[in-house]
Amino acid sequence: MAKKNNNADDLIVAILKAIDDVKGVNVQILDLREIDNTVCDYFITCTGTSNTHVNAISGIIQKQVSKSAKEKPWHVEGEGIAEWILLDYVNIVVHVFQKHIREYYDIERLWGDAKITKIA
């Protein structure tokens with residue numbers, strides 16, 4: 001079981017590094033493990049400044065996570081419009097938003113019971 005947490009920790013580190021490398025902003029980790037009936041253990045949310053930036057963040061996450069953590073997303077949604085791209089790594093789901101879409105859906109408020117960690 002410790003191996004599972006180590007894998008999640010390694011995956012989170014790889015995702016956060018990738019987001020930082022392309023200057024994703026307002027990065028947060030929502031820990032959903034203490035909430036009943038959740039779809040995964042963690043959400044990682046971040047904001048890009050344009051469609052191009054959102055696509056770049058998504059692309060670098062996929063590239064670096066594949067290289068460093070040897071993981072590929074189980075499913076990816078939203079790459080065509082690039083206002084909200086979702087990368088599903090099963091236990092970790094990454095949401096890459098444009099600012100107006102993030103404000104509209106307000107994932108952090110919807111999952112208000114989650115422990116939220118803001119990444120500087």
Side-chain angles (χ1 to χ4, degrees):
M1 195 169 276
K3 185 176 182 185
K4 181 180 177 186
N5 281 343
N6 287 341
N7 287 344
D9 292 344
D10 293 344
L11 187 55
I12 290 169
V13 167
I15 291 166
L16 294 177
K17 182 184 180 324
I19 293 169
D20 186 57
D21 285 353
V22 290
K23 310 292 189 245
V25 296
N26 196 10
V27 182
Q28 297 185 350
I29 301 171
L30 285 72
D31 185 341
L32 308 173
R33 294 175 295 175
E34 299 297 320
I35 302 172
D36 293 335
N37 302 317
T38 58
V39 295
C40 62
D41 292 339
Y42 299 95
F43 282 164
I44 297 176
T45 60
C46 73
T47 302
T49 57
S50 66
N51 299 56
T52 303
H53 192 209
V54 167
N55 265 325
I57 295 168
S58 172
I60 199 72
I61 290 170
Q62 292 178 68
K63 182 178 179 181
Q64 287 188 10
V65 167
S66 176
K67 186 176 180 180
S68 67
K70 308 293 189 247
E71 294 280 344
K72 293 186 185 243
W74 176 71
H75 190 71
V76 177
E77 283 287 331
E79 288 181 313
I81 298 173
E83 290 185 336
W84 176 1
I85 297 179
L86 181 140
L87 303 167
D88 185 348
Y89 287 95
V90 182
N91 288 327
I92 299 168
V93 176
V94 182
H95 299 270
V96 184
F97 296 98
Q98 283 193 44
K99 184 178 181 188
H100 68 283
I101 298 296
R102 185 171 185 170
E103 289 171 352
Y104 180 80
Y105 286 100
D106 198 5
I107 295 286
E108 293 84 359
R109 185 186 56 77
L110 289 174
W111 292 93
D113 292 342
K115 178 184 171 198
I116 298 176
T117 304
K118 294 182 181 185
I119 307 300

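Here the CD-CG distance, from Q64 to D20, works out to 9.5 Å after rounding to the nearest 0.5 Å. Here the CD1-CG distance, from I81 to N51, works out to 9.0 Å after rounding to the nearest 0.5 Å. Taking NE2 from H100 and OG1 from T47, the interatomic distance works out to 11.0 Å, rounded to the nearest 0.5 Å. A distance of 12.5 Å separates OG1 of T49 from NZ of K23, quoted to the nearest 0.5 Å. A distance of 13.0 Å separates CD1 of I15 from CD1 of I60, quoted to the nearest 0.5 Å. Distance SG/C40 to CG/D88: 7.5 Å, rounded to 0.5 Å.
For the pair I61 and V96, the minimum side-chain heavy-atom distance is below 4.5 Å. No side-chain heavy atom of T117 sits under 4.5 Å from any side-chain heavy atom of D31. With contacts defined as side-chain heavy-atom distances shorter than 4.5 Å, the pair I19/I44 qualifies. By the 4.5 Å heavy-atom criterion applied to side chains, Y42 and K115 are not counted as neighbours. Taking the side chain as every heavy atom from C-beta outward, I57 and I85 never approach each other to under 4.5 Å.
Within the structure, every pair that satisfies the salt bridge (Lys or Arg N to Asp or Glu O under 4.0 Å) test and touches residues 101-111, not counting sequence neighbours, is listed here: K99-E103, R102-E108, D106-R109. Among residue pairs with one or both ends in residues 49-79, none qualify as ring pair (Phe, Tyr, Trp, His ring centres under 6.0 Å); sequence neighbours excluded.
For N26, there are no side chain to side chain donor-acceptor pair (under 3.5 Å) partners, not counting sequence neighbours. Residues satisfying the side chain to side chain donor-acceptor pair (under 3.5 Å) criterion with E83, sequence neighbours excluded, are absent altogether.
Hydrophobic side-chain contacts under 4.5 Å tie F97 into a cluster, directly or through other members, with L30, L32, I35, V39, F43, W84, L86, V93, I101, Y104, Y105, I107, L110, W111, I116. Side-chain heavy-atom separations under 4.5 angstrom define the hydrophobic clusters, and V13 shares its cluster with no other residue.
Closest heavy-atom contact between Q98 and A82: NE2-O, 3.1 Å.
A side-chain donor-acceptor contact under 3.5 Å links Q62 and S58.
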